[in-house]
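Below is one structure, written out as structure tokens, with a few remarks after it.
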Number of protein chains: 2
Amino acid sequence: MLQWRTETPSPREAVTRPIVTQLSPTSLKGLLEGLGIAVRFERDSEIFAEDDDAEYIYRVVRGAVRLSKLMSDGRRQIGAFFLPGDVFGLEAENRYAFSAESIGDTEILLVKRNVLVAEAVKDPTMARQLWTETVDHLRQAQGHMLLLGRKNAQERVAAFLMEMADRLHSAGSVELPMSRQDIADYLGLTIETVSRTLTQLERDGVIGIPASRRIVLRNRPALEIMNDRLAA
Amino acid sequence: MLQWRTETPSPREAVTRPIVTQLSPTSLKGLLEGLGIAVRFERDSEIFAEDDDAEYIYRVVRGAVRLSKLMSDGRRQIGAFFLPGDVFGLEAENRYAFSAESIGDTEILLVKRNVLVAEAVKDPTMARQLWTETVDHLRQAQGHMLLLGRKNAQERVAAFLMEMADRLHSAGSVELPMSRQDIADYLGLTIETVSRTLTQLERDGVIGIPASRRIVLRNRPALEIMNDRLAA
DNA sequence: CGATTAATTGACAAAACTCAATACGAGTGG
DNA sequence: CCACTCGTATTGAGTTTTGTCAATTAATCG
């Protein structure tokens, strides 16, 4: 019923196989309520690959997912991170344009796309939800374009930290689920530039870095200002 | 009924007012068939502004539109160009996140969003079309992110030329509707870098530039190669 | 034809990248 | 508990690309 790929470890990271842990025919929340099954993915598993048939729509329960695309020479762009509660897999009409991989150990809810589509034909509310969710993704993508197009390294990193703090509902400090390489590929920078920029922000007293993946936001207004040049 | 802003000429370009020319209750094609009215916009008119209520959905009939966002210090990112046949204004739930301006003299079809939404409630086909169209935009945005994130100037310009050639159905040569500044802001480069890159491509015999807005694609495979590093 | 805007070109500066070395941290085995 | 290893992150030195500022040329519009 579910069919998993065994192929294509990415150049950067080995890809392992997911583990189906439970069927959840009833007790699911939100958009996929009552329809999905839960699947657990080990760190760096491929959830779907570029050019796969877009058979499922997904929701993160626990962990995190990166949506990425690889160029032939190994450059990688991460288009989005998905965190608990986020729905993804909508960005496809027939085939996925990016691949999706679990970042840490991750639990995902998945629903057959055609189940939702069939539902949407009967139920305008479901149709509306699918559309709205897609519009949200589009807006996020546009925000990300802004960041990638015209912002310097400091602005990118500041924007990233604020985004993560918001989306992880962090008070004061963020526990990042992803590596520096993931961050770099999300921000269109190199890992070295990300690292240097974080160090500089720490020297400036704007953030603290008690552990490499834990960031304390010491001066949020300063981050906002770096970032606000972003908005109109 | 229609209400037009008089405010905020952009720092870069003056914004003028549109001219309503005709009502077209019946003879429209495609997604907005039978529902829209046609409006003509002079060069550099504002079609909608950031944070406007998202009251309409649009379709380009003639001319071209840029979707852009301005930072407080004047940096501008163009998120998309819309060409004849393209639908836009979908990227909003309640308010537009970017502003839209006509590039040349442009004719636009517009339909009240709530007319379409009402239609979609009754007609799953319309609902599906709205969703599909939005997914298309999302995919385009993701493609654009790839370009902005990890590609050098030559790759960006090559990708841009190919995109325009495709979308304008050009055989061999493209007539660009937009300025070098627009191209630069779309590609996340400066106008100088765009200019130099075009000149270099011309020196290399890959393109010809008989007039600054007319580009002859002399060696399409070469452009494809510059570009293919983009795809996976 | 003259004026105004758009585009190109040049010289130099700055930001980010590359390559290389080092440090850190988690996990493993002696 | 310590030492070793492996993956991850940081730091440094030097290069490359793109951006900035300024001047020039080309195109467009009265």
Side-chain angles (χ1 to χ4, degrees), chain A residues 9-14 16 43-44 71 73-77 103-105 147-158 175-203 207-215 226 229, chain B residues 9-14 16 42-44 71 73-77 103-105 147-158 160 175-185 187-203 207-215 226:
Chain A
S10 102
R12 271 190 227 273
E13 283 149 300
T16 54
R43 174 184 143 85
D44 294 327
M71 300 192 210
D73 64 357
R75 282 178 287 180
R76 184 179 68 160
Q77 178 64 40
I103 291 177
D105 199 59
L147 182 151
L148 291 172
R150 306 269 53 190
K151 289 172 82 68
N152 66 28
Q154 193 180 67
E155 293 168 327
R156 290 180 201 211
V157 170
E175 184 74 33
L176 299 173
M178 71 290 284
S179 69
R180 292 287 189 273
Q181 185 64 63
D182 286 339
I183 297 171
D185 290 345
Y186 182 65
L187 298 180
L189 298 170
T190 59
I191 187 174
E192 292 95 333
T193 299
V194 170
S195 186
R196 279 187 247 274
T197 304
L198 285 169
T199 303
Q200 190 54 50
L201 289 175
E202 188 180 31
R203 284 212 192 89
I207 62 173
I209 315 180
S212 70
R213 294 192 180 196
R214 169 157 296 277
I215 310 288
M226 291 174 198
R229 298 194 234 166
Chain B
S10 104
R12 271 190 226 274
E13 282 150 301
T16 54
E42 294 172 3
R43 173 181 141 87
D44 295 326
M71 300 193 210
D73 64 355
R75 282 177 286 179
R76 184 178 67 160
Q77 178 64 41
I103 292 177
D105 199 61
L147 181 151
L148 292 172
R150 307 269 53 190
K151 289 171 80 70
N152 67 29
Q154 191 179 68
E155 293 167 327
R156 290 181 201 211
V157 170
F160 171 75
E175 185 73 32
L176 298 174
M178 70 290 286
S179 70
R180 293 287 189 270
Q181 185 63 64
D182 285 340
I183 298 170
D185 290 345
L187 298 180
L189 298 170
T190 59
I191 187 175
E192 293 93 335
T193 299
V194 170
S195 186
R196 280 187 246 274
T197 305
L198 285 169
T199 304
Q200 189 55 50
L201 288 174
E202 188 180 31
R203 284 214 191 87
I207 62 173
I209 315 180
S212 70
R213 295 195 177 195
R214 169 158 296 277
I215 310 288
M226 291 175 198

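Protein chains get the first letters and strands the later ones, always in sequence-line order, with residue 1 at the start of each. Because the structure is a prediction, the values reported are computed rather than measured.
- Considering only residues two or more places apart in sequence or on other chains, B:Arg213 meets the salt bridge (charged side-chain N to carboxylate O under 4.0 Å, His left out) condition with none of them.
- Rounding to whole angstrom units, CG of residue B:Leu176 and P of C:dA6 are separated by 16 Å.
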| said: Can you build the contact string for nucleotides 14-30 of chain D? Use B for base contact, S for sugar-phosphate-only contact, and - for no protein heavy atom under 4.0 Å. | reply: ----SSBB---------
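- Between the CD atom of A:Gln200 and the P atom of C:dA16 there is a distance of 12 Å, rounded to whole Å.
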| side-chain contact (heavy atoms from CB on, under 4.5 Å) between A:Leu148 and A:Arg156: does it pass, once the steps are laid out? | CA-CA 8 Å; A:Leu148 291 172; A:Arg156 290 180 201 211; 4.1 Å; yes
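- If you take CD1 of A:Ile191 and P of C:dC19, they are 14 Å apart, rounded to a whole angstrom.
- Summary for the helix from C:dC1-D:dG30 to C:dG30-D:dC1: the axes at its two ends, each from 5 pairs, differ by 30° when rounded to the nearest 10 degrees.
- What separates CG of B:Asp185 from P of C:dA7 is a distance of 12 Å, to the nearest Å.
- Listed by chain and residue number, nothing satisfies the salt bridge (charged side-chain N to carboxylate O under 4.0 Å, His left out) test with B:Glu192 (two or more places apart in sequence, or in another chain).
- Residue A:Glu202 contributes atom CD, which lies 13 Å from atom P of C:dC24 at whole-angstrom precision.
- For A:Glu175, the side-chain hydrogen bond (donor to acceptor under 3.5 Å, both in side chains) partners two or more places apart in sequence, or in a different chain, are A:Arg214.
- Rounded to the nearest 0.5 Å, atoms CD (B:Gln181) and OG1 (B:Thr190) are 8.5 Å apart.
- Remark: A:Tyr186 engages A:Phe81, A:His144, A:Phe160 in a ring pair (Phe, Tyr, Trp, His ring centres under 6.0 Å) (not counting sequence neighbours).
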| task | Take B:Arg150 and B:Glu155 through the test side-chain contact (heavy atoms from CB on, under 4.5 Å) and record every step on the way to the result. | result | CA-CA 9 Å; B:Arg150 307 269 53 190; B:Glu155 293 167 327; over 6 Å; no
